[in-house]
Amino acid sequence: MTTIPIPRSDPDPNGSRAHAQLERYPIMRELPDEGTLTTQLLAPLWTSHPAWKWLFLASGALSLLFLFAIGVTFVRGIGAWGNNIPVAWAYAITDFVWWIGIGHAGTFISAFLLLLHQRWRASINRLAEAMTLFALVNASLFPILHLGRPWFFYWLVPYPATMGVWPNFKSSLPWDVAAISTYFTVSLLFWYLGLVPDLAAARDRAPGRTRRRVYGLFALGWHGSGTEWRHYRVAYTLLAGLATPLVVSVHSIVSLDFAIAQLPGWHSTIFPPYFVVGAIYSGFAMVLMLVLPVRHVFRLHNVITRRHLDHIALLLLVTGSLLAYSYLCEAFGAWYSGDLFERYTMLTARTRGPYAAFFWIMTAVNVLTPQLFWWTRLRTNVVVLFVVGVLIWVGMWLERFVIIVASLNRDFLPSSWHFYAPTWVDWSLLAGSVGLFSFLFLAFLRWVPFVPVSEVKREQREIAWESAYVDRDGAMPEVMR
Amino acid sequence: MTHPRLAAEFTTADALQSAVDALAREHYRELETYAPFDMPELDATLGRRRSRLGWFVAAGGLAGLIIAYGIQWWANVRSYPLYVGGRPAHAVPAFVPATFEGMILAASLTAFFGVLIVLRLPKLWIPEDEIDGFSRASVDRFWLTANHFASDLDRDHAAKLMRSAGARRVIVAGD
């Protein structure tokens, strides 16, 4: 059950090409009955993997570093960072944009693909959505830290203060607050609502009274009655429908932080779609980084098959190509504008300036590596996928760095140009945020059913219907693609 | 005269479906199913209509839209107009992002809390919890309960239909 041979046989001559694809990589394979499946998928909740404790401790230590760097920032202020004038935005905003972008793929998988009836999302949507939540926890911290006086962050919220001073909604900062807080809330609700039936299964399968009570508390008394499912289904789909435009809006709004500024390299109408595509791209890279080890460690090869990996890789190819097109458009726009400063920033400073190395690494990684996925063999090779995932994950961080720092450090007036270098606090915040993410994600893997049990069962039933249909007629129904 | 309710346990979704078909064909009412996953295919047979939650969510979204725009209008136009760079105090395009987010937030909160209210969740107990082994309804068992019978004879007939559909056991709840 743990290894999947890649069939080397030719596609079925009687079936369509899609049918042959399906035969080679089914969404689920060798699925046991519902009871055994539940046992398999809930097993990680009852027994801890030996390495888990050490990873949890290590990520906890890294989170403490994060806390320490935050403490330093609180005490010493932004001066503890490498930021200067003109590079007033640097690592913190890079990390913010990077993390929030990563979150987008989770919503894309859990909401967008649900609306499009993409069946393969079922096995990985919980994991991806958890990634969104934890990425957002990190993302929301950075702009707050960047406020200078982070303890006054609530001034960004329009609360009825006695001073009568309100946020200025013509500024993009309150837009960010609205977008990020909404995105986090909606993601949390959507994720939790999806969890309820599985928490009920965990409650009914939990060994011991304490666990039964805890899972029972969170399961809200779910019994899976037809009435419950009838309303639940609509609420869940509605939340997916609401999360889909939301996810597009969030990174659009983040990109407006830049686009509404006058700075060459930022002031561009292409930014909203360019950022959204890049966000989903970086998120899929991280999904791969998470799904592959989880699949391997927990032996989930029957519910997360090569079909899933193939699809994620294809989405990386699509979003990566769109991103490459955006890079091209950006450069072309700068050249075609004839504007001296635009041309200098995009064509000279980026390619030959102080951060040119990052620019070229970013371009190579983000543009070239996804092109590997034109080959089916590479799309299903776990080692290639993991390496590409890591590369793109880093490449997208570099992209945000290049957009922010390489645009700021050489603006209109050469006499004010200034080089930027991060301090140890900047590095600690970046590493610490990765630590906090890992910490939260490991906790999630330990205590939350991370493969949607009830959704997998539902898919199993539909697949059984459809394979009966295929066997009889030799053709694949439309819904199976 | 009330008659004890019937509860039948099935091991497969197909068996549950055929039992529902059989009972619905004979016009048994107040049938309820329990399954570890969504089975929308039963809705037509049981005469379940689509949830009307959507209308409430739409109303919630509209309220969120109005509130979000209203807050911005109050803050930046009425209470404390701020004139910078010749921009109008009532800058409609600038108010769009937060208005949109407010709409989505309110609609999502309505969807989430709406489903909890409609289903009366959280729920500590339902009568079916007293049936031994009922908790497997969230794992790998499918239950069908029938709550309305004209007579004992009627109930026994329903139990027979459940058994012939493949029920693993049929329980007269309350016995």
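Naming: A, B, ... by sequence-line order, numbering from 1 per chain. Because the structure is a prediction, the values reported are computed rather than measured.
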Spacing of [atom1] belonging to [X] relative to [atom2] belonging to [Y], to within rounding of 0.5 Å:
X	Y	atom1	atom2	value
A/Leu199	B/Ser138	CG	OG	10.5 Å
A/Ser249	B/Phe100	OG	CZ	4.5 Å
B/Arg50	A/Arg233	CZ	CZ	9.0 Å
A/Trp175	B/Thr99	CH2	OG1	10.5 Å
B/Asp140	A/Thr36	CG	OG1	8.0 Å

Could you tell me which of [options] has the largest number of non-hydrogen atom pairs under 4.5 Å with chain B?
options	value
A/Asp33, A/Val453, A/Asp176, A/Ile253	A/Ile253
A/Gly226, A/Ser454, A/Ala178, A/Ala200	A/Gly226
A/Gly241, A/Ala235, A/Ser225, A/Gly221	A/Ser225
A/Leu256, A/Thr227, A/Leu193	A/Thr227

Problem set entry | Heavy-atom pair of closest approach, residues B/Ser135 and A/Asp204 |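 Smallest heavy-atom distance, with atoms named: O-OD2, 3.1 Å.
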For this session: Identify the heavy atoms of B/Ser108 and A/Leu189 that sit nearest to each other, and give their distance.
Result: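 Reported closest heavy-atom pair: O-CD1, 3.9 Å.
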Compare all side-chain heavy atoms of [X] with those of [Y] and state whether any distance is below 4.5 angstrom.
X	Y	value
B/Arg141	A/Glu34	no
A/Thr39	B/Val139	no
A/Leu246	B/Glu101	yes
A/Trp229	B/Arg48	no
A/Glu228	B/Val115	no
B/Tyr80	A/Met163	no
A/Arg458	B/Pro40	yes

Problem set entry | Steps toward salt bridge (charged side-chain N to carboxylate O under 4.0 Å, His left out) verdict (A/Lys457, B/Asp38) | CA-CA 9 Å; A/Lys457 286 177 194 163; B/Asp38 193 10; over 6 Å; no
Exercise. Hey, is CZ on B/Phe56 packed in by over 12 heavy atoms from elsewhere, all under 6.0 Å?
Worked result: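 Counting neighbours around CZ of B/Phe56, 12 or fewer heavy atoms of other residues, nucleotides or ligands fall under 6.0 Å, so no.
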Exercise. Does atom CZ of B/Arg169 have more than 12 heavy-atom neighbours from other groups under 6.0 Å away?
Worked result: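 Enclosed.
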Exercise. Is it the side chain or the backbone of B/Glu32 that comes within 4.5 Å of chain A heavy atoms, both, or neither?
Worked result: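 Just its side chain gets close to chain A.
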Exercise. Which bit of B/Leu42 comes within less than 4.5 Å of chain A, counting heavy atoms only: side chain, backbone, both or neither?
Worked result: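 When you check distances to chain A, no heavy atom of B/Leu42 falls under 4.5 Å.
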For this session: Go through A/Thr185 and B/Leu109 one step at a time and tell me if the side-chain contact (heavy atoms from CB on, under 4.5 Å) criterion holds.
Result: CA-CA 9 Å; A/Thr185 313; B/Leu109 290 171; 4.3 Å; yes
For this session: Check the pair A/Arg461, B/Glu41 against side-chain contact (heavy atoms from CB on, under 4.5 Å), reporting the backbone distance first and the verdict last.
Result: CA-CA 11 Å; A/Arg461 177 165 166 79; B/Glu41 58 271 26; 2.8 Å; yes
For this session: State whether the side chain of B/Asn76 and the backbone N or O of A/Phe169 hold a donor-acceptor pair below 3.5 Å, judged by distance alone.
Result: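 Side chain of B/Asn76 to backbone of A/Phe169: a pair is present.
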Exercise. Would you say A/Lys170's side chain and B/Pro88's backbone share a donor-acceptor pair under 3.5 angstrom?
Worked result: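 The answer is yes, because a donor-acceptor pair under 3.5 Å joins these two groups.
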Let's test your reading of the structure: which of [options] forms the most heavy-atom pairs below 4.5 Å with chain A?
options	result
B/Ala94, B/Ala137, B/Ala13, B/Ser51	B/Ser51
B/Ala35, B/Ala68, B/Ala111	B/Ala35
B/Ala98, B/Pro36, B/Gly114, B/Ala91	B/Pro36
B/Leu116, B/Asp129, B/Leu46	B/Asp129

Exercise. Angle class for the A/Tyr192/B/Phe112 ring planes (parallel below 30°, perpendicular above 60°, tilted otherwise)?
Worked result: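 Ring orientation, 0 to 90° scale: tilted.
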Problem set entry | Aromatic plane relationship, A/His223 with B/Phe134 - under 30° parallel, 30 to 60° tilted, over 60° perpendicular |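 B/Phe134 and A/His223: tilted rings.
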Exercise. With a 4.5 angstrom heavy-atom cut-off, which part of A/Pro245 approaches chain B: side chain, backbone, both or neither?
Worked result: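 Backbone plus side chain of A/Pro245, per the 4.5 Å heavy-atom cut-off to chain B.
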Problem set entry | Contact class of A/Thr38 relative to chain B, heavy atoms under 4.5 angstrom |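 The side chain, not the backbone.
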Exercise. When only heavy atoms count and the cut-off is under 4.5 Å, which of residues 120-128 of chain B reach chain A?
Worked result: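 Within residues 120-128 of chain B, the residues under 4.5 Å from chain A are B/Leu121, B/Pro122, B/Lys123, B/Ile126.
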For this session: Using distance alone, with no hydrogens and no angle criterion, decide if B/Ser79 and A/Trp166 have a side-chain donor and acceptor under 3.5 Å apart.
Result: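 Per modelled atom types, B/Ser79 and A/Trp166 side chains form a pair under 3.5 Å.
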For this session: Tell me, with the steps shown, if B/Val57 and A/Leu242 meet side-chain contact (heavy atoms from CB on, under 4.5 Å).
Result: CA-CA 10 Å; B/Val57 173; A/Leu242 291 164; 4.2 Å; yes
